[in-house]
2 protein chains.
Amino acid sequence: MDNSRKILTDRKVSITNPRILVLEELLGTKNPITVDELLSKLENKVAKSTLYRVLNDLKNINILNEFSTPDNQSVVELILEDHTHHHHLFCSDCGEIIDVEMAKEFENKLSKEIKRIEKEFNFIIEDHRLELFGKCTDLCLNCK
Amino acid sequence: MDNSRKILTDRKVSITNPRILVLEELLGTKNPITVDELLSKLENKVAKSTLYRVLNDLKNINILNEFSTPDNQSVVELILEDHTHHHHLFCSDCGEIIDVEMAKEFENKLSKEIKRIEKEFNFIIEDHRLELFGKCTDLCLNCK
DNA sequence: AACAAAAATGAGACTTAATCTCATTTACTG
DNA sequence: CAGTAAATGAGATTAAGTCTCATTTTTGTT
Ligand SMILES: [Mn+2]
Ligand SMILES: [Mn+2]
Ligand SMILES: [Zn+2]
Ligand SMILES: [Zn+2]
C-alpha cells in the first residue's frame, strides 16, 4: 500500500481519488506550496470545490498546516510525523517559502518568553508562529 | 494644527477629509483594528474604495502596519514614532488582538538566531513577525 | 459479486474582500 | 481666485473561497 493511501487509512478517512492526488502532490513538494499552484497542478484532475474540501479534510485530521504569504497568498504544507516544529522564511524577490528550524536553544528561550507573556496578559497561549521576511542572495536559483 | 493634519503635512501628503477621518479613527483605537470594523465605523463618511486607497497611502508613507488574523481578517494599526517594535497576541474566543512587547533580552536572542539563519540559508532577512495564538482567561472583558 | 446507504465529487452558482474605472470634486500653487 | 493635478464616490469588476445539488464513488453487508 503506497504512502498516500496509508496516510488516509491510518486516519480512518475514506480513500478517494482526489484525496490521493492531492496527497501525492503535497508529498512530492519539499517546500510549502500555494493553493493556487496546487490548483493549477491538479487542474482537470480535481475540481476546485473538491480541492478546497480535501484540504479541509486534511486539516481536520491534523496533517495540514495552512498559512499566508506576506501578500496573502494561501499556502499549505503536510505535517507528518517526521515534520517537526518549524517556521518560515519568505523571499520577497522570487516568492520562495523555506522551512526553517530554529536552534533548540532559541525555541527554549521563546517558550520562556511566552510563559512570561501568558502571565502578563492573563492569556493561555496555545501556539505561535514566527515568520522571517527577506531576500535570497545571488545563490538563489529562482532569483538568478 | 491637530494631530492627524500634522501627520500628513510632516510627510508631504495632501490633507483631505477621508485621510483625516481614517487617521482620527486609527489614532482613537488603542489596539489594532480590522479593516472591516474600520469600514463600518466610517460608513457614509468615506467610500469603500477611498478607505482602501487611504490605507494604501498610509502604508506608502510607512505609518501603517497591516497583517491578518488567524482567520484571515485584514487588520491595520498606525505605527508612529512612539510605537516601537512589537508583536501580536490573538484570542480565538473573542477575537481581541493585543500588542505585545517582548523582553529586550528575548529580542536580542531572536536577532542572533536570525543572523545564524541568514548564513545558513544565504538570505538577507529584513523583517520578522511573531504571532501568539491563544485565549484570554476569565478576566477578559470581551469573553466575559 | 451484487446491493443499499452513506459519503464524496463535479460543475457551476454564489459570496464578498479588494481593486479598478471614470466622471466629478477637492486640494494645492502662484 | 483661477488653473492644474490629485483625490474621491459610486458602482462595476475580479477572484479566492464557499455553497448547492444532482450524480458518482466508496464501503459495509449480504
Ligand atoms: Mn513549513
Ligand atoms: Mn500592534
Ligand atoms: Zn528569492
Ligand atoms: Zn478573549
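Values in this document were obtained by computation on a predicted structure and should not be read as measured data. Below, read A as the first sequence line, B as the second, and so on, with proteins coming before strands; counting in each chain starts at 1.
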Given atom CZ of B:Arg19 and atom P of D:dG9, what is their separation to the nearest angstrom?
11 Å
Short side-chain to backbone donor-acceptor contact, B:His86 and B:Thr84, under 3.5 Å:
yes
Send over the distance from B:Glu43 CD to D:dA10 C1', rounded to a whole Å.
14 Å
Salt-bridge present (A:Lys109, A:Glu113; N to O < 4.0 Å):
no
Whole angstroms only, please: what is the CG-P distance between A:Leu51 and C:dG12?
17 Å
B:Thr137 (side chain) donor-acceptor with A:Asn122 (main chain) under 3.5 angstrom:
yes
Looking at A:Arg19 and A:Val54, would you say the former's side chain and the latter's main chain have a donor-acceptor pair under 3.5 Å?
no
Would you mind classifying the nucleic acid contact of A:Lys45 as base, sugar-phosphate or nothing, using non-hydrogen atoms under 4.0 angstrom?
sugar-phosphate
A correct 5'-to-3' footprint of nucleotides 13-26 of chain D, with B, S and - meaning base, sugar-phosphate only and no protein heavy atom under 4.0 Å, is ---SBBBB-----S
Measure the distance from CG on B:Asn56 to P on D:dT8 and round it to the nearest whole Å.
12 Å
Just by modelled atom types, is the A:Glu107 backbone N or O under 3.5 Å from a matching donor or acceptor in the A:Ser111 side chain?
yes
Atom-to-atom span, CG of B:Leu38 to P of C:dA17 - whole angstrom
14 Å
Looking at B:His87 and B:Leu130, would you say the former's side chain and the latter's main chain have a donor-acceptor pair under 3.5 Å?
yes
Comparing nearest nucleotides in DNA chain C, the 5'-proximal residue of the pair A:Asp57, B:Val13 is A:Asp57
Provide, to the nearest angstrom, the distance between the CG atom belonging to A:Asn44 and the C1' atom belonging to C:dT9.
15 Å
Mind calculating the distance between NZ (B:Lys12) and P (D:dA6) to the nearest angstrom?
16 Å
